[in-house]
Each structure stands twice: as C-alpha cells, then as structure tokens.
Protein chains: 2
Amino acid sequence: MPGGRMGAGWGGRFRGCGYRMTIPRQIIMKVLSGTDKHLSAEDIYMKAHKTNQDMGLTTVYRTLELLMQMGVVVKFDFGDGRARYELTEGTKSKHHHHLICTSCNRIVEYTDFMDEEMEFLKRAEKGLSKKHKFDIKSHIIQFYGLCDKCKKKK
Amino acid sequence: MPGGRMGAGWGGRFRGCGYRMTIPRQIIMKVLSGTDKHLSAEDIYMKAHKTNQDMGLTTVYRTLELLMQMGVVVKFDFGDGRARYELTEGTKSKHHHHLICTSCNRIVEYTDFMDEEMEFLKRAEKGLSKKHKFDIKSHIIQFYGLCDKCKKKK
DNA sequence: ATTGATAATGGAAACCATTTTCAATAAGAA
DNA sequence: TTCTTATTGAAAATGGTTTCCATTATCAAT
C-alpha cells in the first residue's frame with residue numbers, strides 16, 4: 001500500500017451506512033489506522049488537530065460513536081475514567097487482550113492463548129448470534145488483578 | 001444459612017486486608033450479597049440508604065473502590081455512562097457474561113458456553129498469572145453488536 | 001471498660017469526560 | 001450549480017465520580 005493513502009477507502013463504508021465522508025472523518029480514520037495503541041478521544045483529537053486545526057473534540061466523540069455503531073471501532077474501559085478506542089480490524093496490531101492491575105491501573109497486553117481464545121470465541125459468537133439473535137461485531141476480554149509490584153507492596 | 005446474617009463474615013476479610021469493618025461497609029456487603037443484578041453505585045446507595053439513613057453516596061464509591069482492590073467486586077462498563085458492580089464470588093447468581101447492543105444499550109446475560117468458557121478461562125488465568133506475574137482476581141467477557149430490534153431498524 | 005491513634009464517614013464543592021445546543025458550513029444527489 | 005440535509009465547531013450543560021475537611025467511629029493497647 002503506497003503511503004499517504006492510509007484511511008482512504010473508508011468513504012464507501014461510511015456512505016454504505018448512510019453517512020457522508022468528510023474531512024474530519026477522513027483524518028480520524030487516518031489517526032486510528034496509523035496507531036497500534038489504545039487512544040482516548042482526546043488523544044485522537046490531539047493527533048487529528050495537528051493535521052487540521054479546525055478539528056473539534058466534539059466531532060471526535062461523534063465520529064467514534066458512529067464508528068462503534070458501524071462495528072469498526074471498539075471502546076474499552078480500563079477504569080481510569082476515560083474510554084479508549086481501537087479499530088476492530090486492526091491491520092497494524094496483532095489481536096490482543098488486556099490484563100489490568102486494579103491497584104495501579106497498569107495495562108499489559110497479551111497475545112498468548114490467542115489460538116485457543118480465537119477458537120473459543122468463534123464458537124461462542126456463532127452460537128450466541130443464533131440463540132440471542134445478536135449481530136456480534138466485537139468483543140472484549142479483560143483480566144483484572146494485582147500486578148507484580150502491587151502484589152509485593154501489600 | 002439462617003436469615004439475617006447475610007453479609008456477616010466479611011469483617012475478617014476487611015481486617016485481613018488492613019481495613020476496618022464498619023456499619024456502612026456491612027450494609028453495602030449485605031446489599032451486594034442480596035442481589036443478582038448489576039447495580040450502579042447509586043442503586044447500591046439507595047438500597048443501603050433504606051437500612052441506614054446516614055449512609056452517604058461517597059462512602060459507597062469509596063467502599064466499592066476498596067472491594068475492587070480486594071478483588072471481591074468487579075466493575076462493569078456497559079457504555080451507558082454509569083459503572084455497574086457485582087460480587088465476583090456470587091453465591092446467588094450463576095456465573096454469566098454479557099451481550100451488549102451498541103445501538104440501544106440493551107444487555108443480555110448469557111450462561112451458554114460456560115463449560116468451554118470456564119475451561120478456557122482456567123487455563124488462560126493460570127498461564128497468564130505465571131507469565132506476567134499477575135495475581136488474577138476476576139475477568140470480564142463481553143460481546144458487542146446489534147440486537148434483533150436494532151438490526152431490523154436499520 | 002477506657003483510651004487514643006488514626007481510619008472512615010457524610011455533605012458540599014470540585015472535577016472532568018462526555019453530551020447537548022445551535023447557528024454556520026459542507027456533502028452529494030439532482 | 002442548486003438545494004436539501006447531514007455535519008461541524010464552540011460554548012454551555014450534564015452528570016457520574018472524586019476531593020476536601022471537619023466530625024465520628026473502630027479497635028489494639030492499656
């Protein structure tokens with residue numbers, strides 16, 4: 001993929017869902033596509049703001065809301081009071097889940113057990129979709145506990 | 001178990017963690033033990049308030065924070081702006097997970113696939129604990145998507 | 001039982017991420 | 001180009017959660 005076109009191609013996706021493609025939305029997609037981190041709304045706003053000075057934080061929230069409904073983005077809550085967002089179909093990053101320390105809020109990504117996990121998830125999603133008539137777009141798996149340091153501190 | 005003693009026995013647990021057992025904490029434990037729903041802080045406050053008029057909302061938040069650190073309670077975020085809390089070792093309710101509609105916020109509990117899930121989780125927790133030196137206390141699994149109604153609406 | 005150090009409490013005010021409002025602007029079909 | 005209508009940004013409002021602080025309660029040591 002040649003550089004400079006990241007985030008392109010999303011126009012059809014938006015229009016297909018009955019929405020318009022706009023400059024702010026393009027920029028936001030570019031930011032989301034260009035990272036492998038979990039960004040907060042403000043993180044995204046700040047990155048986008050560098051490209052387009054007129055970008056407003058409100059638009060970021062509105063677009064994220066849209067993207068979530070489109071199933072393109074997942075929202076995470078790690079318990080620190082601000083939500084994080086991530087593309088579901090991340091081309092950049094490996095599929096991963098999170099370990100969260102309930103004491104210091106440290107977040108560890110892990111990619112272990114992914115094979116088992118994916119297999120389990122595939123079966124579960126299929127079964128749950130059918131039984132509960134849900135159109136499942138994404139999922140979250142998080143483990144909570146005490147990290148090494150906090151364990152010793154106590 | 002004879003009635004009227006629900007929530008008792010927690011004193012040791014608190015003291016064991018270096019905290020004191022107090023009336024408000026007893027009442028909060030009673031509320032949490034006595035429900036199989038996911039209560040918000042305010043839900044808990046209102047229930048507790050019936051037993052003890054002096055109960056303050058601040059104390060509920062503080063106690064929940066404590067219980068989370070103790071690994072006794074899990075905090076859920078279903079995306080409606082208020083967190084929900086639930087005992088991890090629920091004697092009342094079956095272990096379950098959640099399906100959440102990203103459009104209307106409807107929450108469906110499911111207990112299907114629990115056997116596979118439990119098996120997977122057991123292995124994952126053991127492996128992750130060792131590898132990342134985490135003391136895992138609880139976990140969250142949530143599926144997001146569109147419920148039957150919202151699917152048709154579009 | 002009494003004491004005393006200090007953890008815990010409640011109420012009000014502060015915080016701050018997220019929403020709402022609204023007039024101005026831009027997208028895209030005709 | 002024109003017109004309809006979705007989208008936008010800024011500021012204000014919202015509301016769940018935290019912080020502050022003076023008062024009260026717990027519980028280990030006496």
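Computed from a prediction, not measured in an experiment: that's the story for all the values here. Sequence lines set the chain letters: A, B, ... in the order given, protein chains first and strands last, and positions in each chain run from 1.
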Exercise for review: Scan B:Arg82 against the nucleic acid and name what it touches under 4.0 Å (heavy atoms): base, sugar-phosphate only, or nothing.
Suggested key: sugar-phosphate
Exercise for review: Select base, sugar-phosphate, or nothing to describe what B:Arg62 touches, counting heavy atoms under 4.0 Å on all strands.
Suggested key: base
Check your understanding: Do the non-hydrogen side-chain atoms of B:Arg84 and B:His98 ever get within less than 4.5 Å of each other?
Key -> no
Check your understanding: Got A:Lys30 and A:Gln26 here, is their nearest side-chain heavy-atom distance under 4.5 Å?
Key -> no
Whole-Å distance separating the [atom1] atom of [X] from the [atom2] atom of [N]:
X       : N      : atom1 : atom2 : value
B:Tyr45 : C:dT9  : OH    : C1'   : 13 Å
B:Met55 : D:dT24 : CE    : P     : 18 Å
A:His49 : D:dA10 : NE2   : C1'   : 12 Å
B:Asp54 : C:dG11 : CG    : P     : 7 Å
B:Asp80 : C:dT19 : CG    : C1'   : 14 Å
B:Asp43 : D:dG16 : CG    : P     : 11 Å
A:Glu65 : C:dA17 : CD    : C1'   : 15 Å
B:Phe14 : D:dA28 : CZ    : P     : 16 Å

Check your understanding: Under 3.5 Å, is there a donor-acceptor pair between the side chain of A:Arg25 and the main chain of A:Trp10?
Key -> no
Exercise for review: Look at the side chain of B:Thr88 and the backbone N and O of B:Val72, then say whether any donor-acceptor pair between them is shorter than 3.5 Å.
Suggested key: yes
Which nucleotide in the list [options] gets nearest to the side chain of [X]?
X       : options               : answer
A:Glu42 : C:dA7, C:dA17, D:dA6  : C:dA17
A:Tyr61 : C:dG28, C:dT19, C:dT9 : C:dT19
A:Arg20 : C:dT18, D:dC27, D:dT5 : D:dT5
A:Tyr85 : C:dT18, D:dT7, D:dA28 : C:dT18

Check your understanding: Which sits closer to the 5' end of DNA chain D, A:Thr58 or A:Gly18, going by the nucleotide each is nearest to?
Key -> A:Gly18
Review point. Can you tell me if NZ on B:Lys137 sees more than 12 non-hydrogen neighbours from other groups inside 6.0 Å?
Key: yes
Check your understanding: Starting at the 5' end of DNA chain C, which residue's closest nucleotide do you reach first, B:Thr22 or B:Gly79?
Key -> B:Thr22
Practice item. Ignoring backbone atoms, test whether B:Arg25 places a side-chain nitrogen or oxygen under 4.0 Å from the OP1 or OP2 oxygen of D:dT26. Key: no
